[in-house]
**Student:** 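Below is the structure I would like to discuss, written out as structure tokens.
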There are 4 protein chains.
Amino acid sequence: MSVKQNIVEQSIRLFETKGFSETSIQDVVEALGVTKGTFYYYFQSKEQLLKEIHLMYIDELLKRQEQIIRRADINNKSKLMEIVRLLVNQIRENGRSARVFFREMRNLNPESAATVKQKRRTFRLNLQAIIEAGMREGEFRQDLRADLITFAILGMCNWSYNWFNPEGPATDEQLVETYMETLLHGMERLNKLTK
Amino acid sequence: MSVKQNIVEQSIRLFETKGFSETSIQDVVEALGVTKGTFYYYFQSKEQLLKEIHLMYIDELLKRQEQIIRRADINNKSKLMEIVRLLVNQIRENGRSARVFFREMRNLNPESAATVKQKRRTFRLNLQAIIEAGMREGEFRQDLRADLITFAILGMCNWSYNWFNPEGPATDEQLVETYMETLLHGMERLNKLTK
Amino acid sequence: MSVKQNIVEQSIRLFETKGFSETSIQDVVEALGVTKGTFYYYFQSKEQLLKEIHLMYIDELLKRQEQIIRRADINNKSKLMEIVRLLVNQIRENGRSARVFFREMRNLNPESAATVKQKRRTFRLNLQAIIEAGMREGEFRQDLRADLITFAILGMCNWSYNWFNPEGPATDEQLVETYMETLLHGMERLNKLTK
Amino acid sequence: MSVKQNIVEQSIRLFETKGFSETSIQDVVEALGVTKGTFYYYFQSKEQLLKEIHLMYIDELLKRQEQIIRRADINNKSKLMEIVRLLVNQIRENGRSARVFFREMRNLNPESAATVKQKRRTFRLNLQAIIEAGMREGEFRQDLRADLITFAILGMCNWSYNWFNPEGPATDEQLVETYMETLLHGMERLNKLTK
DNA sequence: CATGAATGAGAATTCATTCAT
DNA sequence: GATGAATGAATTCTCATTCAT
């Protein structure tokens with residue numbers, strides 16, 4: 001692995017554990033056994049490193065989302081499920097990056113933040129478009145606001161970075177299934193009505 | 001308003017805008033027109049101030065949750081709705097505090113963090129208990145894991161601190177209704193099945 | 001005991017343990033359960049308190065030395081012994097004060113320091129005068145410099161504030177006897193000469 | 001001379017003049033024309049600097065004492081004399097360091113203090129061993145407690161850091177001779193007895 | 001590519017002291 | 001006599017960044 005890749009890995013680890021502001025360049029280079037000069041050879045600033053971490057994360061998400069959207073073989077409901085799975089998986093597999101991504105956006109400079117925000121917005125609107133398509137095509141109820149539901153789904157999934165532990169009592173696939181089942185059919189006991 | 005109250009207000013404002021680590025005591029006292037000595041007359045440390053903000057927030061939430069739980073006149077479904085409303089309202093009314101609360105827990109020292117975490121855990125388990133009661137009493141489906149649904153609900157509601165703007169295109173009551181409707185009945189078009 | 005006396009007592013205790021500079025007025029008043037205002041009612045400054053402690057100590061020493069010097073019933077050798085006893089006793093009985101006295105002179109302001117230094121000088125010259133009298137009157141050898149011997153005696157005695165512990169393996173009277181015996185007759189084995 | 005050496009030199013000078021607590025890092029770096037950052041590049045803390053000063057001093061003393069102890073060509077009386085000379089010389093040559101060494105031990109942190117105390121103890125016990133050997137081998141009287149005499153000698157010599165001035169009316173060699181003569185034969189006029 | 005020395009601005013915190021009440 | 005609020009200057013220490021080598 002390249003020196004630069006190493007720096008990125010270590011800093012994700014440290015930023016997740018201690019926080020971006022609380023992690024010094026010294027911490028990062030000490031964890032790698034190099035000196036500060038080396039860091040500044042590869043990165044112009046601490047902020048640029050954070051920016052790269054953010055872009056790597058959101059670009060990966062967008063790329064995978066794009067692949068889901070383009071699929072012609074599945075309907076919108078399945079696409080929604082794939083996106084829920086994508087979000088949850090991403091947290092399972094790249095939990096550290098996910099936590100840095102969600103927590104440290106404030107520390108980007110205005111331009112970087114704008115870029116990242118725009119991409120996050122794209123991701124959200126892509127999801128919303130799937131829901132709206134599903135509504136038009138009769139898969140989803142039309143009496144709920146697509147924008148608010150989109151936020152609800154993102155909240156549900158993204159929040160799991162706060163607590164989800166792959167070694168814990170629930171697997172990520174159980175999580176996806178429970179979330180999807182709740183989202184699609186709700187938690188109310190229906191046969192109660194038919195009794 | 002007392003000087004101490006003023007310090008708390010101003011720091012919530014600044015912590016929300018710039019972040020805890022990025023806000024200096026100097027920033028806080030300058031916003032108030034007092035000196036650093038004054039700050040340290042009222043607070044032992046910057047961390048203690050953050051701790052107080054956290055405790056104020058979570059204690060208020062727990063108190064209101066308690067009131068909802070104790071109500072004998074409503075069923076579990078309504079209690080769930082009240083808690084969703086509580087979370088969303090809290091963000092509408094105390095958005096700043098909410099954002100500080102969710103973002104800055106890392107900056108508490110281990111003991112304070114443990115205290116706050118314990119209280120957050122209590123809030124979550126109280127909510128889970130309502131859901132479990134609803135399952136037992138036939139209000140909710142029994143084939144979904146109560147713990148995961150609890151996280152889903154909390155994620156949904158809490159995430160809104162990231163985007164919800166009371167002046168935006170949706171009111172908080174609309175938000176509550178959409179969330180509850182989705183949670184209870186799901187977003188899938190049901191008459192499709194009956195066709 | 002008066003409030004002022006209490007302040008003096010507590011601060012001697014704290015100055016000895018933590019050092020003058022490292023002890024804050026806050027520490028002193030907290031140990032007493034009063035407030036800083038009270039301190040400044042009785043003392044103009046922290047330095048003035050230190051000055052009073054110094055003066056109490058050296059004035060007591062000078063007073064007792066005076067009594068020894070004035071005695072007509074004993075010779076210079078006995079007077080020397082009484083002064084050694086005085087110094088050692090003072091450390092046993094007022095160990096804390098002694099330690100503050102020897103260590104914290106640097107923290108007096110120039111005027112206070114001058115006053116105290118003058119009194120310490122007086123004490124030393126009084127002792128030197130006894131030795132010189134003893135030399136003239138045939139009690140002591142005349143081939144040793146009185147000034148240097150005076151310093152030797154003071155060093156011997158004063159140094160004990162660094163280590164002497166009344167509960168330790170030597171009593172203060174043993175200390176006085178050993179010191180006097182060494183000072184008067186030396187530690188060399190004399191019968192070796194007569195062999 | 002290296003920057004680090006320079007920092008040590010200047011701080012000894014300042015610590016001696018103003019005291020450790022009363023000397024700020026600012027004072028030190030200003031005296032050198034560098035910045036605070038430079039100080040902290042070389043030392044982790046102010047306390048670590050003090051620790052290094054202490055260790056340099058006591059290690060030098062121990063090294064020289066060791067050389068004296070190992071000598072086979074001189075008896076214990078001469079070894080004692082060499083150690084008295086060592087102490088007095090050290091104060092003459094490194095008066096500043098000596099004063100810092102004797103006055104500022106309180107400002108070491110507990111671990112550093114323990115290390116230094118242990119070394120000081122070793123120095124003292126080495127001296128005591130010489131005296132005990134001298135007693136066993138008939139050079140010194142056996143009716144005096146070796147431990148107390150050791151303290152007496154150390155007090156005599158060390159105290160001179162308080163007053164001894166190489167430019168004053170006594171040379172260091174005179175001081176050594178007077179101290180040794182007093183220690184060995186005492187100050188009492190012996191022929192008085194034989195008259 | 002990489003280092004090590006240096007910087008300087010700013011951080012949290014302490015504390016003797018004042019003073020109106 | 002005593003208090004409590006406030007001050008402001010100073011203190012230790014951190015850290016992103018630079019740069020000659």
Side-chain angles (χ1 to χ4, degrees), chain A residues 2-4 7 20-30 32-50 107, chain B residues 2-4 7 20-30 32-50 107, chain C residues 2-4 7 20-30 32-50 107, chain D residues 2-4 7 20-30 32-50 107:
Chain A
S2 75
V3 174
K4 182 164 179 175
I7 293 176
F20 175 77
S21 294
E22 290 71 24
T23 302
S24 67
I25 300 297
Q26 192 63 260
D27 293 334
V28 174
V29 298
E30 257 169 31
L32 275 147
V34 297
T35 57
K36 280 195 252 192
T38 305
F39 177 89
Y40 281 95
Y41 179 77
Y42 291 105
F43 296 93
Q44 288 157 34
S45 67
K46 193 184 173 188
E47 193 271 339
Q48 193 217 330
L49 164 61
L50 185 61
N107 292 297
Chain B
S2 76
V3 174
K4 183 165 179 174
I7 292 175
F20 175 78
S21 296
E22 292 71 26
T23 303
S24 69
I25 300 297
Q26 192 62 259
D27 293 335
V28 174
V29 298
E30 258 168 30
L32 275 148
V34 295
T35 58
K36 273 188 275 194
T38 304
F39 177 89
Y40 282 95
Y41 180 75
Y42 290 103
F43 296 92
Q44 287 159 31
S45 66
K46 193 183 171 189
E47 194 273 338
Q48 193 217 330
L49 165 61
L50 184 62
N107 293 297
Chain C
S2 74
V3 174
K4 182 163 178 174
I7 292 175
F20 176 76
S21 295
E22 291 72 24
T23 302
S24 67
I25 300 297
Q26 193 64 262
D27 292 335
V28 174
V29 297
E30 256 168 32
L32 274 147
V34 296
T35 56
K36 280 195 253 192
T38 306
F39 178 89
Y40 281 94
Y41 179 77
Y42 290 105
F43 296 92
Q44 290 158 34
S45 67
K46 191 183 175 191
E47 194 271 339
Q48 193 217 330
L49 164 61
L50 185 61
N107 293 296
Chain D
S2 76
V3 174
K4 183 164 179 175
I7 292 176
F20 175 78
S21 296
E22 291 71 25
T23 302
S24 69
I25 301 297
Q26 194 62 260
D27 293 335
V28 174
V29 297
E30 258 167 30
L32 274 147
V34 295
T35 58
K36 273 188 276 191
T38 303
F39 178 89
Y40 283 96
Y41 181 76
Y42 290 103
F43 297 92
Q44 290 159 31
S45 66
K46 193 183 172 188
E47 193 271 340
Q48 192 216 329
L49 164 61
L50 184 61
N107 293 298

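In what follows, chains carry the letters A, B, and so on, assigned in the order in which the sequence lines appear, proteins first and then strands, with residues in each chain numbered from 1. Small disclaimer: the values here were computed from a predicted structure and weren't measured. What you see below is based on every heavy atom in this structure, not just the backbone, and it leaves out hydrogens, waters and symmetry mates.
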**Student:** So that I can compare with my own list, what are the stems of DNA chain E, taken as at least three consecutive Watson-Crick or G-U pairs with distances under 3.5 Å?
**Tutor:** E:2-21 with F:2-21

**Student:** Rounded to whole angstroms, how far apart are CG on C:L32 and C1' on F:dA2?
**Tutor:** 14 Å

**Student:** With sequence neighbours left out, what residues match B:F43 under ring pair (Phe, Tyr, Trp, His ring centres under 6.0 Å)?
**Tutor:** B:F39

**Student:** Polar atoms only, N or O, under 3.5 Å: list the protein pairs with nucleotides 15-18 of chain F and their distances.
**Tutor:**
unit_1	atom_1	unit_2	atom_2	d
F:dA16	OP1	A:K46	NZ	3.1
F:dA16	OP2	A:I25	N	2.8
F:dT17	OP2	A:Y40	OH	2.8
F:dT17	OP2	A:K46	N	3.0
F:dT17	O4	A:K36	NZ	3.3

**Student:** Residues two or more places apart in sequence or in another chain: which of them pass side chain to side chain contact (heavy atoms under 4.5 Å, CB included) with B:T23?
**Tutor:** B:L14, B:F15, B:K18, B:D27, B:V28

**Student:** Write down the distance between NZ (D:K4) and P (E:dA6), rounded to a whole number of angstrom.
**Tutor:** 13 Å

**Student:** Output the rounded distance in Å from CD (B:Q48) to C1' (E:dT13).
**Tutor:** 13 Å

**Student:** Can you find a side chain N or O atom of D:T35 that sits less than 4.0 Å from OP1 or OP2 on E:dT7?
**Tutor:** yes

**Student:** D:L49 CG to F:dT12 C1': how many Å, rounded?
**Tutor:** 13 Å

**Student:** Kindly write out the residues that satisfy side-chain hydrogen bond (donor to acceptor under 3.5 Å, both in side chains) with C:S45, not counting sequence neighbours, or none if the list is empty.
**Tutor:** none

**Student:** Quick one: side-chain hydrogen bond (donor to acceptor under 3.5 Å, both in side chains) partners of C:Q48, sequence neighbours excluded?
**Tutor:** C:E52

**Student:** Looking at residues at least two apart in the chain, or sitting in another chain, which of them share a side-chain hydrogen bond (donor to acceptor under 3.5 Å, both in side chains) with C:E47?
**Tutor:** C:N109, C:S112

**Student:** Below 4.0 angstrom from OP1 or OP2 of E:dC1, is there any side-chain N or O of A:T38?
**Tutor:** no

**Student:** Looking at A:Y41, I'd like to know whether one of its side-chain N or O atoms comes within less than 4.0 Å of OP1 or OP2 on E:dT3.
**Tutor:** no

**Student:** Let me see the working for A:K46 and A:N107 under side chain to side chain contact (heavy atoms under 4.5 Å, CB included), right down to the final yes or no.
**Tutor:** CA-CA 10 Å; A:K46 193 184 173 188; A:N107 292 297; over 6 Å; no

**Student:** For D:E30, give me all partners under side-chain hydrogen bond (donor to acceptor under 3.5 Å, both in side chains), at least two apart in sequence or on another chain.
**Tutor:** none

**Student:** With sequence neighbours excluded, what pairs up with D:T38 under the side chain to side chain contact (heavy atoms under 4.5 Å, CB included) test?
**Tutor:** D:V3, D:V34, D:T35, D:Y42

